[in-house]
Amino acid sequence: MPKSTPSRTLPSSNSWQTYYTGSPAPQYTLSHFVDSEEQGFSSDQNSWNEHGSEAAEHAQIWHIYNDESTKLDAAVIDGCNRGIDVLLVFVSSDIQIQINSRPTEETFETGLFSAVLTTFIIQSYQQMLSNPADTTNALLLLIISDLRSSSLLNISNSDINVPTPQGNNSPSASQIRWVNGLWFAALSCSLSAALVSMLAKQWIQPIPNVSGSPRYRARQRQRRYTQLQDWHVFVTINALPVLLHIALLLFFAGIIMLLWSADIGIVAATFTIVALAYIFYAGSMWISLMNPDCPYQHPISEELRRWVTRQNGTPKYIDLEKNTNQTVRSARTLIGPITPSVDDHIDAHCLVWLLQHCTNDDTIAATLRSIGGLPHDFAAFHILREAGAIHMVLQQFSNCFHRDISFDSQWHITDSENAEMYCRAWIRLTHGTSQAWPQDLRRPLHTLRDGATNLHISAIAACTCALDSLESRGSQLALLAHLNQLANGEQNYSELTQHWLLETFLECSLSWELHLAVVNDIVARAVPVLLRLLQRATDKSGSQDHAAIAAILHSLSVGEISAASLWDERKRYFNFHKIAIPSLAAIIRDPTRFGVEGELLDFTVTEFSRLAAPAFMSEYFPSQVKSIARQGLSKLYLEGRVGVGLVPDPVLADILQILYPPVTITEEQRPLFVKSLIQTLTSSNDVNVAICSIRLLEPLLKNCHNSVVRSFAEENGIPALLRAAHTGDTDSRRLQIECIRTLCIFIHSSAQSSTEETLCPSHPPALEKQFDAIFQSDFFTTLISVVDARRWWLEEIAEIWVPSLLHLCEVRPHERIWRSVEIVFRNFAELNDGEDGAERLLDDLDKMKRILEH
């Protein structure tokens with residue numbers, strides 16, 4: 001593909017912003033940076049030389065930046081001060097600047113301008129003022145004229161010697177005004193240049209040394225440098241000589257204007273000299289604009305050249321962070337832009353500054369390698385791309401190989417470690433763009449992937465190949481093979497390698513250009529691998545890969561997720577439950593499609609239950625995800641994959657709480673659901689599990705179908721409730737009351753069912769044993785003790801308890817306990833006489849009394 005990125009340009013040698021010191025660039029080694037506590041870095045802080053930390057807080061690149069910028073800033077400030085000193089000397093001859101400890105001949109020569117200009121102004125300004133001698137002469141002539149008219153003075157005109165001008169070459173009053181105007185304007189320009197020059201000396205004063213990490217100090221310096229550039233401080237300083245050039249032009253114009261009425265030869269000679277001087281001035285400026293290497297440079301030439309370049313510049317590649325409406329090569333470029341960050345922009349400008357202002361190849365290579373250490377959510381990659389970093393990275397990558405043209409043009413790896421760093425830098429720079437890996441460098445890239453002995457280097461090369469070949473099934477499977485080895489524990493991958501493999505596979509999964517059948521095959525291969533990785537990350541405390549794995553699973557199973565949730569690692573971490581729960585639910589609904597079975601499916605079920613239960617309680621959780629969680633948990637619970645012994649009791653209690661109310665349970669599923677709840681209640685000794693199970697039973701048993709009643713009876717629901725309540729000997733009043741209420745609701749439904757079964761002989765009376773269990777247990781004893789102690793409110797007793805007991809009394813009126821029940825409840829009603837429900841309670845008790853009397 002054509003290399004269209006802009007090439008690196010070096011600063012002009014004449015500009016005050018760059019100052020050549022004449023010393024060779026330093027060679028940076030490890031010992032160069034590890035010895036200085038003065039610069040805020042000690043030898044034990046060595047995270048910067050680790051893979052993936054090339055742009056960390058104490059990385060080598062920030063030491064390089066601080067060292068280079070310190071030297072260059074000193075040269076720039078010294079050059080600016082020297083130039084300003086020359087301007088000040090040019091403006092005033094009284095200012096004597098000591099350069100090299102003594103004034104130079106050039107200093108005194110340039111100081112003559114203000115003296116010459118002031119002398120000319122003094123002489124020309126006098127011609128604008130009225131002359132007293134002219135007034136005296138005019139008065140004398142008037143007196144003589146009066147005396148002659150009165151014959152008192154006998155003097156003829158010939159006797160008065162009045163000097164007459166030799167020619168008509170005196171300047172007129174209008175010329176005098178123009179001359180003075182031009183020279184005063186020239187003086188104003190020169191003095192204004194002096195004022196701004198003195199201010200500029202304050203502007204360019206270096207900031208004091210700041211403490212902190214190398215990156216912090218680099219950011220502080222770059223922030224000041226950027227402000228100087230944004231506010232065009234150096235442009236202003238570079239424009240000061242132009243102001244003096246204008247002053248000279250005004251001075252010459254005043255001279256020509258003064259001599260205009262004099263001898264034509266003098267005027268022509270002066271005009272010719274001035275014209276030639278300024279033609280040369282304009283011509284040299286034009287030549288410097290056309291040819292940056294021409295020695296005839298002007299202070300403003302560099303700024304004019306940059307302005308022309310910006311006006312004629314065109315984008316060299318598609319960058320979606322700036323061109324979001326363009327059609328691009330693949331879906332990889334459809335990723336939305338990242339939220340801008342001020343610090344990210346400063347870091348990017350620091351790296352660009354090194355690329356543009358440093359001529360040392362080692363410094364440039366270190367700068368390019370550090371790009372691979374920038375985080376995935378770095379928001380200023382477009383700044384590096386605009387500086388031509390992609391093209392420079394590819395050039396450095398090619399330098400890591402030797403091409404043997406003797407036999408089939410084989411490529412041999414000469415520097416695999418640096419090649420790996422350039423691969424990571426390329427991945428970072430091309431994220432969100434249409435940039436592809438050059439065709440002529442694909443063979444060395446494949447050589448690095450297949451021939452590198454280092455596992456990390458091979459994995460990073462595989463990531464690069466996968467991102468470059470989104471339409472290649474083989475490249476995607478090669479990347480998946482590394483993930484499979486990681487999941488099986490076959491190879492010892494570092495944390496950095498794991499992170500890059502997962503992030504790359506996530507980006508590829510969103511951008512595949514494959515046939516649907518191929519995608520389905522890759523998904524069926526990838527999901528089991530990712531679940532094993534999730535299992536490893538769950539077992540390994542402190543792992544940071546949960547969010548990335550969940551994002552990939554969501555992309556493969558659900559497919560709909562916002563770009564911000566995927567690429568903002570902070571948001572992805574905090575939205576982990578929102579991403580993982582729908583993914584696991586989709587896998588559980590169709591495990592065959594995703595190739596999940598056996599122990600892996602059991603882990604998926606357990607993990608889904610563990611995540612869904614606590615997340616459901618959050619008020620910030622989306623209702624759609626809550627619905628997905630409830631449906632998935634209902635399915636798992638009915639299938640027996642979630643229960644006592646399969647998940648921890650606290651998780652099971654949370655799951656049962658999520659399922660309340662059982663709105664997702666259909667009428668056909670209710671008998672099975674009741675059966676599962678009774679089994680849970682029977683096998684669990686946890687109080688919270690029992691309370692949640694009984695709470696779910698209540699709406700299922702209320703006015704339920706006969707099939708639900710039979711299911712409750714077949715599973716011995718009443719003994720299970722009585723056991724849970726520990727009737728007569730309980731420490732949990734809430735559990736006891738929950739059991740009584742649920743039993744009363746079941747009694748009401750079962751009494752109705754018993755009547756229906758009596759009318760339908762085909763249905764055997766399966767409830768007789770349950771009724772026997774009620775009367776043989778301590779249920780009524782506990783019930784009487786609770787009511788007699790007035791430990792519950794009247795409304796529930798009148799609405800639920802007594803109506804249910806009345807139905808049971810109609811079915812089994814011969815039981816002896818009814819007399820005691822009727823007496824206790826009647827005393828309770830009389831004690832609450834006048835309150836809501838008391839009248840209804842008495843009516844039901846009267847009905848019960850009449851049944852017992854018959």
Side-chain angles (χ1 to χ4, degrees), residues 11-19 72-100 103-104 106-121 180-208 221 223-254 277-278 281-282 284-285 288-289 296-308 310:
S12 175
S13 59
N14 71 296
S15 175
W16 289 352
Q17 300 176 50
T18 58
Y19 196 87
L72 189 57
D73 288 347
V76 168
I77 293 173
D78 182 66
C80 289
N81 282 324
R82 287 172 179 266
I84 293 173
D85 291 342
V86 171
L87 293 179
L88 291 174
V89 171
F90 187 82
V91 171
S92 175
S93 61
D94 295 331
I95 302 178
Q96 297 182 1
I97 303 297
Q98 300 294 330
I99 300 177
N100 297 327
T104 63
E106 181 184 359
T107 302
F108 294 111
E109 289 178 354
T110 55
L112 294 177
F113 173 72
S114 59
V116 172
L117 180 59
T118 305
T119 302
F120 274 82
I121 289 177
N180 280 274
L182 292 171
W183 287 350
F184 273 106
L187 182 61
S188 300
C189 289
S190 61
L191 294 179
S192 298
L195 173 63
V196 178
S197 297
M198 289 186 291
L199 293 175
K201 278 184 167 289
Q202 300 296 323
W203 299 339
I204 62 175
Q205 285 298 318
I207 59 175
R221 184 267 170 189
R223 184 178 286 109
R224 172 172 168 78
Y225 177 80
T226 303
Q227 291 297 324
L228 291 174
Q229 295 291 329
D230 292 343
W231 288 94
H232 307 290
V233 172
F234 292 110
V235 177
T236 303
I237 296 176
N238 286 338
L240 291 177
V242 178
L243 194 60
L244 294 182
H245 299 167
I246 295 174
L248 281 172
L249 179 61
L250 294 174
F251 175 70
F252 287 138
Y278 275 89
Y281 180 87
S284 61
M285 179 177 289
S288 66
L289 288 177
Y296 298 120
Q297 296 291 325
H298 284 249
I300 203 66
S301 298
E302 182 71 18
E303 303 302 330
L304 291 176
R305 187 159 46 247
R306 292 178 181 175
W307 180 81
V308 172
R310 285 195 298 267

- Message: Check whether Asp78 reaches the backbone of Ala74 with its side chain - one donor and one acceptor, N or O, closer than 3.5 Å.
- Response: no

- Any residue meeting side chain to side chain donor-acceptor pair (under 3.5 Å) with Trp231, in chain and number order, not counting sequence neighbours: Gln227

- To the nearest 0.5 Å, atom CD1 of Ile204 lies from atom CG of Leu199 at 11.5 Å

- Task: Please name the residue in the list Ile84, Ile237, Val196 that meets the side-chain contact (heavy atoms from CB on, under 4.5 Å) test with Lys201.
- Result: Ile84

- When rounded to the nearest 0.5 angstrom, what is the spacing between CZ in Arg221 and OG1 in Thr226? 8.0 Å

- To the nearest 0.5 Å, tell me how far Cys189 SG sits from Leu240 CG. 11.5 Å

- Student check: side-chain heavy atoms of Leu191 and Leu195 closer than 4.5 Å: no

- Item | Side chain proximity check, Ser190 to Leu244, heavy atoms < 4.5 angstrom | yes

- Shortest non-hydrogen contact from Trp203 to Leu228? O-CD2, 4.3 Å

- Looking only at heavy atoms, what is the nearest atom pair of Phe251 and Trp183, with distance? O-NE1, 3.1 Å

